[in-house]
Amino acid sequence: MKVLQGVAAVSLAFVVWAADAPTEGQRWWSRVAFLADDKLEGRNTGSQGYRKAADYVAGEFERAGLRPAGTDGYFQPVKFNSREIVERNSSLELVRDGKADVLKLGEDGLIGVRVDPAKSVEAPLVFVGYGLTVPEMKYDDFAGLDMRGKIAVYVSGGPSAIPGPLSSHYQSAAERGKFLERAGVVGTCTVFNPVAMDVPWPRIALSRFQPAMTLDYPDLDESFGQKLGVAINPAHLDKWLAGSGHSAEEILALAKERKELPRFPLTAELRAKVEVKRSKVESPNVVAILPGSDPQLKDEYLVLSAHLDHLGIGEPIHGDRIYNGAMDNASGVATLLDIAEQLHETKPKLRRSLLFVIVAGEEKGLLGSKYFAAHPTVKPEQMVADLNVDMFLPLFPLKILTVFGLEESDLGRQVRAVAEPMGIRVQSDPEPQRNIFIRSDQYNFIRHGVPSLMLAVGYDKGSPEAAIAKQWLTERYHAPSDDIHQPVDLKAAADFNKVVLKLAEAVANQDARPKWNSDSFFRRFAKSE
Ligand SMILES: [Zn+2]
């Protein structure tokens with residue numbers, strides 16, 4: 001999953017190993033073990049390790065009798081611009097009355113390079129609350145402010161008055177970018193909201209040395225005139241707010257309660273110097289079709305998507321430099337490969353076709369799926385739904401299924417019809433402030449009108465399982481320890497894979513194509529309704 005931002009500690013679930021695990025769980029695990037092996041070097045987009053992983057997936061598709069559906073066999077090559085910060089030649093200073101306070105990069109904040117930075121930027125800072133514009137709610141943090149040529153400082157998240165999906169949608173880079181550009185903002189400083197930080201600050205800080213990427217296609221450029229993107233460590237926010245009459249304690253307490261935030265100019269200007277090393281890389285999406293059997297419906301495709309890329313080789317943590325990405329997201333790719341193999345073995349008649357889409361560049365900002373959704377290898381209107389699998393975390397038995405997008409389309413009814421008879425309770429996203437519905441590849445299908453779901457092993461708030469999941473995020477998410485030496489519940493993985501398979505079969509066979517619910521915010525993207 002794409003990182004936004006965490007906290008906690010103690011003992012983990014135990015592993016259900018060979019003795020009592022069903023065969024499917026072991027087959028799934030062997031695929032995870034292959035993809036998350038050190039030899040694949042963390043499958044970074046553009047790397048040799050990613051290429052090996054893509055070759056493996058294509059080989060598995062072929063073995064499962066799937067038809068190639070890329071532009072080059074099973075592959076759809078995607079081009080990326082890659083950027084790395086040269087931090088020794090970069091700096092951030094807060095300038096007040098001509099006096100410069102040099103910030104410590106990695107400690108006070110960091111310079112992100114997903115936005116291609118200008119060599120130097122010097123501009124006044126304005127605190128704009130959540131930095132959010134939501135036209136439907138007549139909510140605008142920029143209203144009445146002259147932001148031209150200025151840098152917007154805001155806390156990630158949104159006030160509770162704005163429903164979760166709207167808040168998530170307008171926080172996406174593509175949507176926020178439009179409003180920043182309209183306001184004339186030249187750069188942003190995002191204060192990570194402590195309540196929504198999946199990862200502790202020190203690990204966020206280390207990630208600044210990973211290459212950032214954008215798609216290398218003019219029609220898919222989303223830079224919105226931005227010259228600088230900075231992230232602020234909430235623990236050091238007071239340095240930024242000095243002299244403004246506001247404190248970090250005040251701002252973060254309001255943000256925690258999702259209350260309205262004040263807007264005010266900061267007393268400092270920000271002076272940034274940035275050196276970046278730029279290069280171009282290419283990595284393929286891997287695409288395959290299992291043809292449907294119904295003469296009409298076979299021209300409709302149920303998309304099954306998962307991202308193959310992870311973070312590659314990076315800064316060492318406890319001496320380990322390889323970010324293997326076993327759960328993120330070798331696990332989801334392994335699930336789809338398992339489904340392909342099971343369908344090959346049992347050969348059920350599916351009325352619609354299945355389109356397996358294994359993508360690159362997810363960790364860089366959902367880029368491979370963005371490219372695929374803009375340039376699908378089937379007709380766009382033929383994609384009837386997307387089921388995305390990303391980091392479903394089988395860390396404890398599958399008793400509850402969390403379904404992102406549950407209330408948005410009639411896929412929600414279908415998932416209940418499949419899971420509930422298996423004794424699994426279905427729930428919607430218990431933590432909407434983490435923005436998960438827009439943080440993985442389904443979002444690019446949603447933006448093209450395709451009803452979508454993402455599923456994960458769920459838990460009740462405040463339960464021991466919730467603590468295990470939280471601890472996993474704190475310790476292993478986007479860390480080298482998300483590798484094959486971690487406790488995983490194979491039975492839970494096998495049960496999860498069964499749910500996804502049954503759901504895929506049910507959607508492929510239902511009479512009508514899936515539809516957005518009439519009250520769903522995301523229905524606006526549907527072209528045919
Ligand atoms: Zn991730």
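Just follow the structure's listing: the first ligand is 1, and inside any ligand the first atom is 1.
Checked against the Zn ion (ligand 1), the N, O or S atom of Asp328 at the shortest distance is OD2.
In this view, Asp386 and Ser305 satisfy the side chain to side chain donor-acceptor pair (under 3.5 Å) rule, not counting sequence neighbours. Listed by chain and number, the residues in a side chain to side chain donor-acceptor pair (under 3.5 Å) with Glu341 are Arg27, Arg31 (sequence neighbours excluded).
By the 4.0 Å N-to-carboxylate-O rule, Arg63 lies close enough to Glu60 to be salt-bridged with it.
Under the side chain to side chain contact (heavy atoms under 4.5 Å, CB included) test applied with Ile446, the options Pro451, Ser452, Ser409 reduce to a single match, Ser452.
Under 2.8 Å from the Zn ion (ligand 1) lies an N/O/S atom of His478, whether from backbone or side chain. Checking Glu362 against the Zn ion (ligand 1), every N/O/S atom stays at or beyond the 2.8 Å cut-off.
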